[in-house]
Amino acid sequence: GRRGRSWVSPFAQNLYFSVGFEFRGGVDKLAGLSLVVGIACAKALESLGVQGLQLKWPNDVWLDQRKLAGVLVELRGEPTTAWQVVVGVGLNVHMSAELGADIEQPWISLSEIKRFSRNDLAIAMIGRLYECIEQFKDTGFSAFLSDWASLDALKGKRVTINDGAKQGIAVGVDVTGALLLDAGSGIESVNAGEVSVRAQ
């Protein structure tokens with residue numbers, strides 16, 4: 001996993017999938033994509049009756065203040081012309097407390113709510129993901145700002161970034177998907193990448 005963490009993946013218990021597509025334009029056109037993927041995942045799960053979902057910037061889906069799903073976006077291509085984009089999603093579906101005992105952060109599985117077919121989940125999530133990606137190609141992240149605001153798990157909370165390197169109150173995201181942080185001397189933008197954000 002990221003930052004040296006263990007990756008826990010019991011056989012046939014969860015859902016992992018990747019979706020590839022081509023994106024034409026400069027890298028700035030991809031700003032906010034990981035947030036859009038999180039929104040797509042949340043909306044797909046809501047359509048199946050899951051309530052109370054939140055998104056933790058930049059790439060986690062939360063339920064009951066615990067991680068339910070994660071997003072990874074990988075890019076390859078020419079910075080000014082075209083990109084091959086692979087979006088990866090991992091969703092806890094049937095994982096038990098025993099199987100997830102080695103996970104180093106609070107987590108939850110959909111099985112704590114009800115039993116879901118992994119096939120049904122994959123169909124719903126991939127379908128919604130393609131819809132959102134097509135819209136993102138046309139509009140960028142700006143069209144998703146209100147969706148993010150309605151699901152934002154960090155807004156109004158004091159957060160610590162990169163083990164205390166920066167602290168402040170999260171006040172939302174901007175049109176590029178950057179986290180907006182009120183650190184006391186004005187609003188700062190924090191870009192996604194190798195960052196660790198923890199709510200206090």
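When a residue number appears, it is its place in the shown sequence, counting from 1.
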S.K.: For the CD atom of Glu74 and the OG atom of Ser34, what is their distance to the nearest 0.5 Å?
M.R.: 12.5 Å
S.K.: Say you draw a straight line from CD of Gln54 to OG of Ser150; how long is it, rounded to the nearest 0.5 Å?
M.R.: 10.0 Å
S.K.: How far apart are the closest heavy atoms of Ser111 and Arg115, and which atoms are they?
M.R.: CB-NH1, 3.9 Å
S.K.: Does Asp182 have any salt bridge (charged side-chain N to carboxylate O under 4.0 Å, His left out) partners at least two apart in sequence or in another chain, and if so, which?
M.R.: none
S.K.: Is any side-chain heavy atom of Arg24 less than 4.5 Å from a side-chain heavy atom of Lys29?
M.R.: no
S.K.: Going from CG on Asp64 to CD on Glu112, what distance comes out if it is rounded to the nearest 0.5 angstrom?
M.R.: 8.0 Å
S.K.: Given Trp57 and Asp152, is the side chain to side chain contact (heavy atoms under 4.5 Å, CB included) satisfied, shown in steps?
M.R.: CA-CA 8 Å; Trp57 185 91; Asp152 191 346; 5.6 Å; no
S.K.: What residues, two or more places apart in sequence or in another chain, satisfy side chain to side chain contact (heavy atoms under 4.5 Å, CB included) together with Glu131?
M.R.: Arg128
S.K.: Quick one: CZ on Phe141 to CG on Leu33, what's the gap to the nearest 0.5 Å?
M.R.: 10.5 Å
S.K.: Hey, could you give me the OG/CH2 distance between Ser146 and Trp148, rounded to the nearest 0.5 Å?
M.R.: 13.0 Å
S.K.: Which pair of heavy atoms, one from Arg66 and one from Pro106, lies closest together, and at what distance?
M.R.: CG-CB, 3.7 Å
S.K.: Show the numbers, then the answer: is there a side chain to side chain contact (heavy atoms under 4.5 Å, CB included) between Leu145 and Val173?
M.R.: CA-CA 8 Å; Leu145 275 169; Val173 299; 3.9 Å; yes
S.K.: Provide the closest heavy-atom pair for Lys56 versus Trp62 in the form atom of the first, atom of the second, distance.
M.R.: CD-CZ2, 3.0 Å
S.K.: If hydrophobic clusters are built by linking Ile, Leu, Val, Met, Phe, Trp and Tyr wherever their side-chain heavy atoms come under 4.5 Å apart, do Ile126 and Val86 end up in the same one?
M.R.: no
S.K.: Just so I know, are the side chains of Leu129 and Phe17 near enough to count as touching, which here means a heavy-atom distance under 4.5 Å?
M.R.: yes
S.K.: Indicate yes or no: at least one non-hydrogen side-chain atom of Trp107 is less than 4.5 angstrom from one of Asn92.
M.R.: yes
S.K.: How about CD on Gln51, more than 12 heavy atoms from neighbouring residues, nucleotides or ligands closer than 6.0 Å, or not?
M.R.: no
S.K.: Do you know which two heavy atoms are closest between Gln13 and Val93, and how far apart they sit?
M.R.: O-CB, 3.5 Å
S.K.: Could you go step by step and tell me if His94 and Arg118 meet the side chain to side chain contact (heavy atoms under 4.5 Å, CB included) rule?
M.R.: CA-CA 9 Å; His94 301 309; Arg118 290 188 298 156; 4.1 Å; yes
S.K.: Here's a test for you: under side chain to side chain contact (heavy atoms under 4.5 Å, CB included), which of Val19, Val89, Asp120 qualifies with Met125?
M.R.: Val89
S.K.: Taking ILVMFWY side chains as joined if any heavy atoms are under 4.5 angstrom apart, and letting links pass through other members, which residues group with Ile123?
M.R.: none
S.K.: Compile the donor-acceptor pairs under 3.5 Å between side chains in residues 37-45 and protein atoms, sequence neighbours left out, one pair per line.
M.R.:
residue: Lys43; atom: NZ; partner: Asp147; partner atom: OD1; Å: 3.4

S.K.: Partners of Gln135 by side-chain hydrogen bond (donor to acceptor under 3.5 Å, both in side chains), sequence neighbours excluded?
M.R.: none
S.K.: The test is side chain to side chain contact (heavy atoms under 4.5 Å, CB included); show your working for Asn14 and Leu91 and say whether it passes.
M.R.: CA-CA 6 Å; Asn14 300 320; Leu91 172 69; over 6 Å; no
S.K.: With clusters built from Ile, Leu, Val, Met, Phe, Trp and Tyr whose side-chain heavy atoms come within less than 4.5 Å, directly or transitively, what are the remaining members of the cluster of Leu180, listed by chain and number?
M.R.: Ile169, Val171, Ile187
S.K.: Answer whether the closest heavy-atom distance between the side chains of Phe116 and Leu15 falls below 4.5 Å.
M.R.: no
S.K.: Taking all non-hydrogen atoms of both residues into account, name the closest pair between Lys137 and Glu22 and its distance.
M.R.: NZ-O, 3.4 Å
S.K.: Would a 4.5 Å heavy-atom cut-off, applied to side chains only, mark Leu121 and Leu110 as touching?
M.R.: yes
S.K.: Is it possible for you to say whether Leu75 and Phe23 belong to one hydrophobic cluster, with membership spreading through side-chain heavy-atom contacts below 4.5 Å?
M.R.: yes
S.K.: Can you name the closest pair of heavy atoms from Asn191 and Ala178 and give their distance?
M.R.: OD1-CB, 3.6 Å
S.K.: Just how far is it from atom CG of Leu151 to atom CD of Glu46, taken to the nearest 0.5 Å?
M.R.: 6.0 Å
S.K.: Out of Asp60, Ile113, Ile108, which residue meets the side chain to side chain contact (heavy atoms under 4.5 Å, CB included) rule with Leu68?
M.R.: Ile108
S.K.: Does Lys155 NZ have over 12 foreign heavy atoms under 6.0 Å away?
M.R.: no
S.K.: Could you walk me through whether Asp174 and Thr176 pass the side-chain hydrogen bond (donor to acceptor under 3.5 Å, both in side chains) test, one step at a time?
M.R.: CA-CA 5 Å; Asp174 66 15; Thr176 70; 2.7 Å; yes
